[in-house]
Amino acid sequence: MLDIKLIRKHYEEVRRRIATRGEEYAKLVDRVYELDRRKRELQKEVENLRALLNRKSKEYGRLKREGKEDETLKEELAKIKETLKGLEEELKRVEEELNDLLLRIPNLPHPSVPIGEDENDNVEVRRWGEPPKFDFEPKPHWELGERLGILDFERGAKLSGSRFVVKRGLGARLVRALINFMLDLHGERGYVEIYVPHLVKPEILVGTGQLPKFEEDLFKCERDNLYLIPTAEVPLTNLHREEILKEEDLPIYYTAYTPCYRREAGSYGRDIKGLIRLHQFDKVELVKITKPEESYEELEKLVADAERVLQELELPYRVVELCTGDLGFSAAKTYDLEVWMPSYNRYREISSCSNCEDFQARRMKLRYKSKEGKNILCHTLNGSGLAVGRTLAAILENYQQEDGSVVIPKALRPYLGGLEVIKPQGE
RNA sequence: GGAGGGGUGGCCGAGCGGACGAAGGCGCGGCGCUGGAAACGCCGUGUGCCCGAUUUCCGGGCACCGAGGGUUCGAAUCCCUCCCCCUCCGCCA
């Protein structure tokens, strides 16, 4: 959520910067600006009336205790109350609309974010590693996985429909190995491992920005009014919601493995094959809570921590800075990590690392007390470290050999009892 | 699912129609005491919003005692609905 005071004071600038994400958002800013003005007008009237009412009520009480009932005063009070009632109702309506709209305005992009419309305007920051050269036609990971008997898309669909997969044998073990490997790596870097609920209340999703705008993307358990988390970012970032942290506790580093559940509404036909886009996937997430002045430095470190996973696995990747049009709703600045995928002959997103500044913190009232005793909104950051399914896909494709076998990255072998190669079944 | 108990400030905990933004304690900050410290004494210490003069400091108002409604001139206190937590029983990985 944006600071309403910022919109009030720097309306033109906020409007201009929000418009870089899409003109439709600028219109929301306009409406909010107008509603805020109306709200304050009404609030002033209401509060003045209430002050009057409070004063007269006390007076009435005092008189009554002295045994003097004052009927004219009582009538006067009733009159004030009636006027007040109408004004209060209008104020409430205005406030509700204002709050709802405020929750639907995305974060202000950081001034350093490149202006652009979509992913084509993202800016490459650096590359690491060399895409492998094959002297044979490399296969896509879903073919490799099926031939190796470790991925079973057909039975995934049998159980749950499209965009679900079953992993078998070494496929299942590879997932477990990757999760443990990633958690261990981040643990070394000072991230505290957390295990979180996978079902959360609506307000938790409002806190991180998925609600109210992206209801359609979520799985919901209607009976219990709970949602399946689309990412561990949601419970992790909300852990300290409505708390006032101590300055010396910051920065906080958390990591968690969770499955992630997404309806993928509006992505019909995209990435229908393979592990790239599923309704349920596994991810190890990184979350930081920091002081405002440290958050951008922490973002760079967060990206480095995510990159380290790819480096240890020796997977070629590049770092991309998202442009304004491609930025997520809550993010002020985002770096994507894109891993090389031979079957696509291009880099594909495997991690997204964002600084949300105080956008989420304001929604969830996440603050810390400064040495001067002031309560200051924290900054929150999150990043994938990494998406497990996509990592598995990248390993299969980049480490494949002509015979269809796949070499296990060295860093992962200790997690698989020293296994060096996965071979097609029956060999 | 059944029965009971409870949600009050950073924390603990009292209050159960007006003098309550809320006793007391802990914690924290300042001062005193001390050679220094502990102990002790004194003072201060919630959050959000609005308005005003204003860099900051400040002053005024409104709201907040789980959430939302109601009763009342007046609600932390009474009534209703909902949410959450705890204990016991049942069921269960």
Side-chain angles (χ1 to χ4, degrees), chain A residues 1-10 32-103 195-207 211 220-227 235 238-250 252 259 289 358 361-378:
Chain A
M1 191 162 68
L2 295 183
D3 186 356
I4 185 67
K5 286 179 191 160
L6 189 74
I7 298 178
R8 205 180 287 158
K9 277 170 103 171
H10 303 285
V32 159
Y33 183 79
E34 197 44 48
L35 280 169
D36 173 57
R37 189 159 42 183
R38 180 85 186 113
K39 190 210 100 174
R40 281 180 296 145
E41 250 171 51
L42 284 165
Q43 182 174 347
K44 212 158 120 184
E45 282 184 69
V46 163
E47 287 184 357
N48 285 339
L49 273 182
R50 282 211 274 246
L52 184 68
L53 198 63
N54 286 344
R55 249 183 294 130
K56 300 241 171 186
S57 267
K58 276 206 176 110
E59 199 185 324
Y60 181 88
R62 204 187 59 240
L63 288 173
K64 195 170 182 183
R65 258 171 285 128
E66 288 169 4
K68 294 188 266 189
E69 295 254 355
D70 187 336
E71 282 307 315
T72 24
L73 184 54
K74 194 168 179 176
E75 274 167 36
E76 195 183 339
L77 285 166
K79 232 179 207 160
I80 297 173
K81 270 171 58 172
E82 202 172 324
T83 323
L84 194 54
K85 204 174 159 193
L87 285 170
E88 276 174 335
E89 272 166 19
E90 196 180 345
L91 177 61
K92 195 177 165 188
R93 270 199 308 277
V94 170
E95 274 179 336
E96 275 170 5
E97 190 184 349
L98 178 63
N99 291 337
D100 181 65
L101 289 181
L102 262 179
L103 288 175
Y195 188 91
V196 293
H198 299 171
L199 289 163
V200 295
K201 301 189 250 180
E203 60 264 36
I204 302 303
L205 288 148
V206 172
L211 289 179
K220 183 177 187 186
C221 301
E222 197 69 51
R223 273 175 73 98
D224 301 289
N225 199 25
L226 291 168
Y227 293 83
N238 275 285
L239 269 182
H240 297 289
R241 83 195 321 267
E242 287 157 52
E243 290 183 26
I244 299 172
L245 302 170
K246 295 197 197 107
E247 181 167 358
E248 59 265 34
D249 294 336
L250 300 178
I252 290 172
I289 302 172
D358 62 13
R362 184 170 294 107
R363 288 170 163 244
M364 58 177 81
K365 297 188 178 67
L366 167 59
R367 294 164 295 176
Y368 76 95
K369 198 174 272 296
S370 74
K371 293 207 172 63
E372 298 75 43
K374 285 230 182 302
N375 295 329
I376 298 169
L377 289 170
C378 300

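Note: hydrogens, waters and symmetry copies are ignored here, and every other heavy atom, side chains too, is used.
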If I take atom NZ in residue Lys201(A) and atom C1' in nucleotide G66(B), what distance separates them, rounded to the nearest angstrom? 11 Å
Choosing from C50(B), U47(B), C73(B), which nucleotide comes nearest the side chain of Arg367(A)? U47(B)
Any-strand Watson-Crick or G-U partner of G48(B), both distances under 3.5 Å: C62(B)
Charged N to carboxylate O under 4.0 angstrom, Arg50(A) versus Glu47(A)? no
With distance as the sole test, does Asp100(A) use its side chain to make a donor-acceptor pair with the main-chain N or O of Glu96(A) at under 3.5 Å? no
Same-atom distance (P) from U71(B) to A76(B), integer angstrom: 16 Å
How far apart are the closest heavy atoms of Ile80(A) and Leu52(A), and which atoms are they? CD1-CD2, 3.6 Å
Looking only at side-chain atoms of Asn54(A), point me to the closest of C73(B), C84(B), C62(B). C62(B)
CD/Glu248(A): more than 12 non-hydrogen atoms of other groups inside 6.0 Å: yes
Any side-chain heavy-atom pair from Lys39(A) and Leu91(A) closer than 4.5 angstrom? yes
Candidate pair Glu88(A) and Lys85(A), rule salt bridge (charged side-chain N to carboxylate O under 4.0 Å, His left out), full reasoning: CA-CA 5 Å; Glu88(A) 276 174 335; Lys85(A) 204 174 159 193; over 6 Å; no
For atom P, what is the distance between G6(B) and C62(B), given to the nearest Å? 33 Å
Tell me what Lys369(A) touches on the nucleic acid: a base, only sugar-phosphate, or nothing, going by heavy atoms under 4.0 Å. sugar-phosphate
For the C1' atoms, the ones on A23(B) and on G13(B), what distance do you get once it is rounded to whole angstrom? 10 Å
Using whole Å, what does the distance between atom P of nucleotide C62(B) and atom NZ of Lys56(A) come to? 14 Å
Pairwise P distance for C65(B) and A19(B), with rounding to whole Å: 15 Å
Do Leu2(A) and Ile7(A) come within less than 4.5 Å of each other through their side chains, counting heavy atoms only? yes
Of the listed nucleotides (G61(B), C50(B), C73(B)), which one gets closest to any side-chain atom of Lys44(A)? C50(B)
How many whole angstroms separate atom NZ of Lys85(A) from atom P of C73(B)? 14 Å
Side-chain contact, heavy-atom cut-off 4.5 Å: Glu203(A) with Asn238(A)? no
Which part of the nucleic acid, if any, lies within contact of Lys5(A), taking any heavy atom under 4.0 Å across all strands shown: a base, the sugar-phosphate backbone alone, or nothing? sugar-phosphate
Report which part of the nucleic acid Lys246(A) touches: base, sugar-phosphate, or nothing (heavy-atom distance under 4.0 Å, all strands). nothing
Could you state the CE-C1' distance from Met1(A) to C49(B), rounded to the nearest angstrom? 13 Å
Counting side-chain heavy atoms from CB outward, which of C84(B), G69(B), G74(B) is closest to Lys81(A)? G74(B)
Strictly by Watson-Crick or wobble contacts shorter than 3.5 Å, is anything paired with U34(B), and which nucleotide is it? none
Taking pairing as Watson-Crick or G-U wobble with both contacts under 3.5 Å, can you name the mate of C26(B), or confirm there isn't one? G10(B)
Under a 3.5 Å cut-off for both contacts, is G17(B) paired Watson-Crick or G-U wobble with anything, and if yes, with which nucleotide? none
Measure from the side chain of Gln43(A), starting at C-beta and using heavy atoms only, and say which of G74(B), C50(B), C84(B) lies closest. C50(B)
Does any nucleotide pair with U72(B) by Watson-Crick or G-U wobble geometry, both distances under 3.5 Å, and what is it? none
Between C1' of G61(B) and CG of Leu42(A), the distance in whole Å: 17 Å
With C1' as the reference atom in both, quote the distance from C79(B) to G17(B) in angstrom, rounded to an integer. 13 Å
Expressed as a whole number of angstroms, how long is the span from Leu84(A):CG to C73(B):C1'? 14 Å
Any side-chain N or O of Arg38(A) under 4.0 Å from OP1/OP2 of C50(B)? no
Whole-Å distance between C62(B) P and Lys39(A) NZ? 17 Å
G21(B) and C26(B): how far apart are their P atoms, nearest whole angstrom? 25 Å
Interatomic distance at C1', C84(B) relative to U8(B), whole Å: 15 Å
Would you indicate which nucleotide in C73(B), C51(B), G48(B) comes nearest to any side-chain atom of Asn375(A)? G48(B)
What's the closest nucleotide to the side chain of Arg40(A) if the choices are C50(B), G61(B), U47(B)? C50(B)
G48(B) P sits how many Å from Leu98(A) CG, rounded? 18 Å
Go through G69(B), C49(B), C84(B) for me and flag the one nearest to the Lys92(A) side chain. G69(B)
Relative to the 5' end of RNA chain B, which residue comes earlier, Lys64(A) or Ile4(A), by the nucleotide with the nearest heavy atom? Ile4(A)
Could you let me know what U87(B) is paired to, Watson-Crick or G-U wobble, both distances under 3.5 Å, or none if it's on its own? A3(B)
Among the nucleotides C62(B), C49(B), C73(B), which one has an atom lying closest to any side-chain atom of Arg50(A)? C62(B)
Within the structure shown, what part of the strands sits under 4.0 Å from Leu77(A) by heavy-atom distance: base, sugar-phosphate, or nothing? sugar-phosphate
Expressed in whole Å, how much space separates the P atoms belonging to G46(B) and G10(B)? 9 Å
